[in-house]
Amino acid sequence: MDESVRKRVPPGFRLELARHIQRKLSMKVRVESIGSVETVGGVDVAYMGSLAFSAAVTLSVDGRPLDACCTVSKAVFPYVPTLLSFRELTPMVRSFLCLGARPDVLMVDGQGVMHPYRLGIASHIGVSLGVRTIGVAKSRLYGIEHGDTVLDEHSGELIGRTVICGKRKLYVSVGHRVDLEGAVDLVKSLCVETRGLPAPLLAAHDMANRAKRSCIGLQLDRWGSATCVGCGRDPPGATRP
DNA sequence: GCGACAG
DNA sequence: ATCTTGTCGC
């Protein structure tokens with residue numbers, strides 16, 4: 001099943017190790033009640049060639065903007081279905097760690113456990129940082145739709161739900177430390193129908209694109225990373241001229 | 001072998 | 001995701 005994936009991955013990339021890591025980390029995914037939520041975060045990435053502009057935002061449950069930060073990094077891995085986190089995890093984590101405080105739950109643009117190895121980027125980030133995450137994807141990568149539910153193609157297990165947000169159908173799944181029902185309710189309650197996305201992801205998406213449009217003259221450090229002008233905070237380990 | 005295939 | 005021309009609506 002990975003023959004086609006193999007051809008799209010960089011030479012020397014250890015695909016078997018990547019799969020092993022995905023399976024191992026997926027065992028750490030926890031499903032639990034979200035509990036009381038006051039702040040909701042969102043992360044998304046926009047690209048300009050191989051430059052990745054990542055934005056992280058925090059909103060109150062009533063939609064009020066509380067915090068935001070964006071970073072730019074050099075993309076070091078191509079887009080390969082089932083391996084998205086190897087491309088976007090680092091950019092997303094860098095911008096997320098820039099936030100002044102961790103939101104109660106984080107919405108990620110991509111799958112959670114609705115993934116062939118049970119570790120979409122939302123789960124990968126959640127397990128890596130111990131943060132509550134919800135996977136919100138605009139299309140399906142894996143699973144079979146049955147009404148508004150998505151079942152595992154092999155085990156028949158419930159792995160996600162579809163949510164209509166305006167004109168768009170979203171694929172919601174558990175990322176980490178949340179339950180599917182709570183995740184679906186939160187996505188529905190924050191849905192911006194005119195844009196087809198929940199407010200936190202919409203804000204992150206727009207901010208990432210604004211950052212991309214104003215990237216002239218950015219100075220990247222030795223790791224191919226830099227903090228966007230005006231962010232006000234640096235990611236851990238960052239240095240500024 | 002031929003499609004499917006998060007962003 | 002990004003590219004890209006044309007179209008619709010405020």
Side-chain angles (χ1 to χ4, degrees), chain A residues 1-10 15 18-19 22 25-26 29 42-56 70-96 106-128 133-145 150-154 159-163 165-176 180 183 187 193-198 200-202 204-213 215:
Chain A
M1 177 236 165
D2 270 348
E3 314 82 75
S4 58
V5 170
R6 174 122 266 150
K7 295 184 303 187
R8 310 184 56 174
V9 135
L15 183 56
R19 295 310 190 200
Q22 290 180 313
L25 287 183
S26 72
V29 170
V43 287
D44 192 23
V45 183
Y47 292 90
M48 173 182 267
S50 62
L51 282 187
F53 295 83
S54 177
C70 60
T71 60
V72 53
S73 314
K74 183 156 73 175
V76 296
F77 195 81
Y79 167 69
V80 180
T82 73
L83 293 174
L84 179 64
S85 58
F86 286 78
R87 175 175 173 78
E88 301 193 336
L89 184 71
T90 296
M92 283 186 175
V93 167
R94 289 185 72 241
S95 57
F96 178 76
L106 177 69
M107 291 187 182
V108 180
D109 194 322
Q111 313 290 352
V113 300
M114 207 173 128
H115 178 282
Y117 292 87
R118 285 283 193 288
L119 195 83
I121 189 166
S123 296
H124 202 151
I125 290 179
V127 169
S128 298
T133 57
I134 297 172
V136 182
K138 298 180 289 298
S139 60
R140 182 186 56 79
L141 167 69
Y142 177 82
I144 298 177
E145 290 182 51
V150 181
L151 310 178
D152 187 287
E153 335 186 334
H154 243 56
I159 55 177
R161 292 268 295 279
T162 58
V163 171
C165 180
K167 181 182 181 183
R168 163 180 282 158
K169 176 161 65 175
L170 299 173
Y171 294 79
V172 179
S173 60
V174 169
H176 184 52
L180 186 55
V187 170
E193 299 195 5
T194 55
R195 302 289 301 280
L197 282 177
L201 284 183
L202 180 57
H205 182 277
D206 287 348
M207 169 165 275
N209 279 103
R210 283 197 301 273
K212 184 178 74 170
R213 286 177 344 220
C215 71

- line: For A:Thr82, the side chain to side chain donor-acceptor pair (under 3.5 Å) test, sequence neighbours excluded, returns A:Arg19

- request: Please report the closest heavy-atom contact between A:Ala204 and A:Ala55, naming both atoms and the distance.
  value: O-CB, 3.4 Å

message: Testing the basics here: between A:Lys212 and A:Ala46, what is the closest heavy-atom pair and its distance to 0.1 Å?
response: CD-CB, 4.4 Å

- prompt: Just checking, any donor-acceptor pair under 3.5 angstrom between side chains of A:Arg94 and A:Ser73?
  reply: yes

Kindly give the atom pairs (protein nitrogen or oxygen, nucleotide nitrogen or oxygen) under 3.5 Å for nucleotides 6-10 of chain C.
none

task: Using the ring of A:Phe53 (Phe, Tyr or Trp, six-membered ring only), decide whether A:Arg210 places NZ or CZ under 6.0 Å from its centre and within 45 degrees of its axis.
output: no

query: Does any donor atom in the side chain of A:Glu145 or A:Tyr171 lie under 3.5 Å from an acceptor atom in the other side chain?
result: yes

- prompt: CD of A:Glu193: more than 12 outside heavy atoms within 6.0 angstrom?
  reply: no

message: I'd like to check the side chain to side chain donor-acceptor pair (under 3.5 Å) partners of A:Arg168; sequence neighbours left out, ordered by chain and number.
response: none

- request: Return the value, rounded to whole Å, for the distance between atom CG of A:Leu51 and atom P of C:dT2.
  value: 12 Å

- request: Can you check each nucleotide of nucleotides 2-7 of chain B against protein heavy atoms at under 4.0 Å and return B for base, S for sugar-phosphate only, - for none, in 5' to 3' order?
  value: --BBBB

- request: Please work out which of the three classes, parallel, tilted or perpendicular, describes the rings of A:Phe86 and A:Phe77, given edges at 30° and 60°.
  value: tilted

query: For DNA chain B, what string of dots and brackets results from 5' to 3' when Watson-Crick and G-U pairs need both distances under 3.5 Å, crossing pairs get [ ], and pairs with another strand get |?
result: .......

statement: When every non-hydrogen atom of A:Ser54 is compared with those of A:Pro91, the smallest separation belongs to OG-O, 3.0 Å

- prompt: Can you check the A:Lys212 NZ to C:dA1 P distance for me, whole Å?
  reply: 9 Å

- prompt: Are the side chains of A:Ile134 and A:Val187 in touch, meaning some heavy atoms are under 4.5 Å apart?
  reply: yes

- prompt: Got more than 12 heavy atoms from elsewhere within 6.0 Å of CZ, A:Arg195?
  reply: no

- request: Sort by first number and list every stem of DNA chain C: at least 3 consecutive Watson-Crick or G-U wobble pairs, both distances under 3.5 Å.
  value: none

query: Any side-chain heavy atom of A:Tyr142 sitting closer than 4.5 Å to one from A:Met114?
result: no

